[in-house]
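Quick note on labels: first sequence line is chain A, next is B, and so on, each numbered from 1.
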Number of protein chains: 2
Amino acid sequence: MHVTGHTTSGSDADPHPGQQKAASIRDVAQAAGVSYQTVSRVINGHPNVREETRRRVQAAIETLGFRRNATAFALASGVTRSVTVLTTNTVLHGYAATLQGLEEASRAAGYPLGVRVVTPEDDLDRTIAAAADTGGGLVVIGFDRVGAAALDRVPAHVPCAAVVEAPPPGRTPDRPAVWADDREAARAATAHLLALGHDTVHYVAIPASTGTRRSAGPRAEGWRQALEAAGVVPPAPSGKGWDAQAGYDAGKKLARNQDVTAILCGNDDLALGVLRALHHAGRRVPEDVSVIGFDDAPHSAFITPSLTTVRMDFQGLGRAAFGLLRTQLDTDQQAPAPVPAEPALILRESSGPRQSSGPRDT
Amino acid sequence: MHVTGHTTSGSDADPHPGQQKAASIRDVAQAAGVSYQTVSRVINGHPNVREETRRRVQAAIETLGFRRNATAFALASGVTRSVTVLTTNTVLHGYAATLQGLEEASRAAGYPLGVRVVTPEDDLDRTIAAAADTGGGLVVIGFDRVGAAALDRVPAHVPCAAVVEAPPPGRTPDRPAVWADDREAARAATAHLLALGHDTVHYVAIPASTGTRRSAGPRAEGWRQALEAAGVVPPAPSGKGWDAQAGYDAGKKLARNQDVTAILCGNDDLALGVLRALHHAGRRVPEDVSVIGFDDAPHSAFITPSLTTVRMDFQGLGRAAFGLLRTQLDTDQQAPAPVPAEPALILRESSGPRQSSGPRDT
DNA sequence: GCCCACGTTGTGACCGCTCACAATCCTCGC
DNA sequence: GCGAGGATTGTGAGCGGTCACAACGTGGGC
């Protein structure tokens with residue numbers, strides 16, 4: 001059996017019979033012998049309250065266990081300190097880590113955090129409206145097509161920040177946004193492989209967040225740029241998905257091609273699948289093929305061979321995005337905007353110099 | 001550069017100059033030539049409204065883009081349809097997957113979902129109070145000590161459901177809760193290893209959620225029971241942490257002991273670390289040592305050797321927990337409580353029969 | 001000794017919506 | 001053709017806070 005029923009919520013033989021309803025400022029006021037407005041002043045730290053009165057009210061607050069009703073506060077003041085995250089996923093490393101950073105930052109600032117997953121089937125406008133009228137602001141994770149589309153449809157009057165892929169050089173998003181320069185990181189990782197003596201680098205792509213451009217996102221672009229800069233014609237990217245299975249499928253094909261000696265993957269899950277496919281094909285890593293991943297997921301350092309990858313500061317991105325939103329919500333509170341760490345290539349076992357020996361038999 | 005500034009929020013040369021403030025039922029009422037109460041009836045689907053009036057109001061609602069103010073509704077009605085999840089972690093597989101299930105279920109039911117991470121440093125009562133006066137109900141993930149402690153401190157009058165480790169046999173939690181029978185699963189996994197010919201099974205434990213008992217949680221108990229049932233004296237469990245590094249540390253010690261031929265791990269991350277440590281020590285898996293993990297994290301099927309593990313339906317647990325909470329929130333709405341899948345042992349490459357050959361040289 | 005400013009406190013109205021009830025309209029049966 | 005009763009609509013109050021302002025004291029400066 002997996003599920004217990006509820007405890008019947010207390011017989012009415014409670015020690016304190018009248019504990020039912022939460023105390024309001026009116027209750028406190030009566031207990032302290034003042035007006036409700038004075039109580040309001042005390043809980044808001046208003047200066048002009050006599051010290052003795054303040055103490056009396058404080059005492060009443062303690063006694064009655066008063067907590068200011070957040071709903072009423074929001075309605076009366078018009079201020080809603082809360083954040084809702086719109087995302088398409090909560091478990092993939094990049095998303096989960098971003099969410100983690102967002103949660104940390106919002107918690108530190110005392111903002112409740114809401115999470116709403118958006119699916120391709122959702123009516124975007126309806127979803128956004130629902131998230132928006134929770135009050136507060138929105139943070140959109142736009143790593144993929146659906147997320148990016150959601151961001152586009154957020155009405156102008158809704159406070160909103162986004163974390164996105166690196167936009168094309170020179171162009172800045174029309175919405176407040178944060179990103180890491182994964183284009184440059186992909187370029188560096190590819191250049192690293194070329195420098196190791198590999199003739200070319202194959203790319204297993206993550207799904208693109210924008211569909212119109214010829215490229216498949218900044219990571220693909222960086223990879224392409226590095227190859228072109230070296231005078232190499234980029235081979236066709238493969239990959240159709242985010243997870244290890246997609247990596248495995250792509251890797252199976254690449255493994256058959258003995259000319260493939262270096263593979264860059266759009267994320268570590270894909271890389272894991274590629275590794276597995278290479279293993280099944282009898283191709284050794286890094287002796288026969290070098291593999292580099294992206295994101296530095298927690299397990300990537302512990303698999304065998306450990307994975308060379310690009311570390312991404314998703315948590316930092318999340319924190320930064322929250323900071324960006326907060327400046328819109330709290331007009332005065334100018335928090336020092338935290339800056340995420342630059343992407344960094346982490347060299348591990350899965351990459352190495354091209355072996356001079358020719359292709360070996362399968 | 002990582003961060004864009006805000007777009008200056010629209011010059012006042014807007015096409016519709018008066019778009020500033022959201023329409024209220026009073027605005028709608030005026031536009032439709034009825035009283036605000038009639039509007040209220042329409043938006044709440046009250047039966048006694050003349051069809052023509054209803055249409056007129058609907059039209060006004062469309063025109064003005066009216067959406068009922070959630071805050072005011074909550075204040076006036078006293079109903080807060082929302083859920084806050086209290087957890088110590090959002091990224092570890094078990095937690096993240098549970099959260100995912102929770103999100104799915106709450107989204108399907110139209111409840112906004114809040115997430116609040118609890119740290120050991122937090123003042124539990126304060127944290128709970130803060131989460132509770134967001135309105136709505138609480139779901140506590142009590143997989144670890146801090147989470148379990150938080151659950152204990154939730155005031156009786158706060159609607160609350162929990163997902164927890166399997167409680168001791170015969171005892172049911174005093175709070176509505178869901179769990180999977182990981183005790184039995186651990187027993188089965190251990191028995192499986194014994195049946196493969198291993199003399200004993202070592203256990204690398206996850207941190208316990210309860211500190212008082214002699215055991216280190218249901219998984220440890222199941223493991224111990226299986227050994228005792230086979231007349232084997234359980235060796236001391238190791239492990240101090242949740243992640244691969246902790247597994248690596250524990251695995252390093254176990255790898256030195258040539259008598260160790262089978263290891264059960266409290267989760268897949270630990271198993272990953274153990275695998276890595278065994279690899280470094282030159283002990284082959286599964287030929288020299290069998291390793292079984294717990295949880296079936298997404299990458300476990302793709303590492304090499306692929307990991308034999310116990311699949312846990314965390315998503316299902318999350319969904320069930322939400323269902324449990326919902327029955328407390330919606331008195332009438334009796335949703336069919338979804339039942340999570342039973343834990344299942346997934347056999348893969350990392351476990352196998354004990355090799356009859358004696359310990360080999362390092 | 002009086003006036004005015006200021007520190008302190010209380011009152012009224014309102015945020016946007018829901019309740020409870022009263023007031024109106026219509027329709028039917030006799 | 002008239003009254004009863006249900007359908008439809010409108011009014012008042014209040015949820016628990018906030019704002020604006022008015023009404024008290026008190027003290028210092030002349």
Answer yes when B:D330 and B:R81 have at least one side-chain N-carboxylate O distance shorter than 4.0 Å, and no when they do not.
yes
If you measure from the Lys or Arg side-chain nitrogens to the Asp or Glu carboxylate oxygens, is any gap between A:R116 and A:D122 under 4.0 Å?
yes
Just checking, is any N or O donor in the side chain of B:S209 or B:E165 under 3.5 Å from an acceptor N or O on the other one?
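Yes, because at least one side-chain N or O of B:S209 sits under 3.5 Å from a partner of the opposite role on B:E165.
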Which part of the nucleic acid, if any, lies within contact of B:S35, taking any heavy atom under 4.0 Å across all strands shown: a base, the sugar-phosphate backbone alone, or nothing?
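Base, at least one base atom sits under 4.0 Å.
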Distance, rounded to the nearest Å, where A:H46 contributes NE2 and D:dC21 contributes C1':
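Between C1' of D:dC21 and NE2 of A:H46: 13 Å.
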Can you tell me how far P of D:dC15 sits from CG of B:D133, to the nearest Å?
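Rounding to the nearest Å, CG of B:D133 and P of D:dC15 are 19 Å apart.
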How far apart are the closest heavy atoms of B:L329 and B:P159, and which atoms are they?
CD1-CB, 3.3 Å
Which atom names give the shortest non-hydrogen contact between B:S82 and B:Y111, and what distance separates them?
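Closest pair (atom of B:S82, atom of B:Y111, distance): N-CD2, 3.6 Å.
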Return the CZ to CD1 distance between B:F66 and B:I43, rounded to the nearest 0.5 Å.
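So the gap between those two atoms works out to 4.5 Å.
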How far does OG1 of B:T98 sit from CD of B:Q315, to the nearest 0.5 angstrom?
9.0 Å
Quick tally for nucleotides 13-24 of chain C: nucleotides whose base has a protein heavy atom under 4.0 Å get B, sugar-phosphate-only ones S, the rest -, giving --BBBBB-----
B:E121 and B:T119: side chain to side chain donor-acceptor pair (under 3.5 Å), yes or no, with the steps?
CA-CA 5 Å; B:E121 294 78 36; B:T119 73; 3.2 Å; yes
Residues within residues 47-54 of chain A bordering DNA chain C, heavy-atom distance below 4.0 Å:
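Residues of residues 47-54 of chain A under 4.0 Å from DNA chain C: A:N48, A:V49, A:R50, A:T53.
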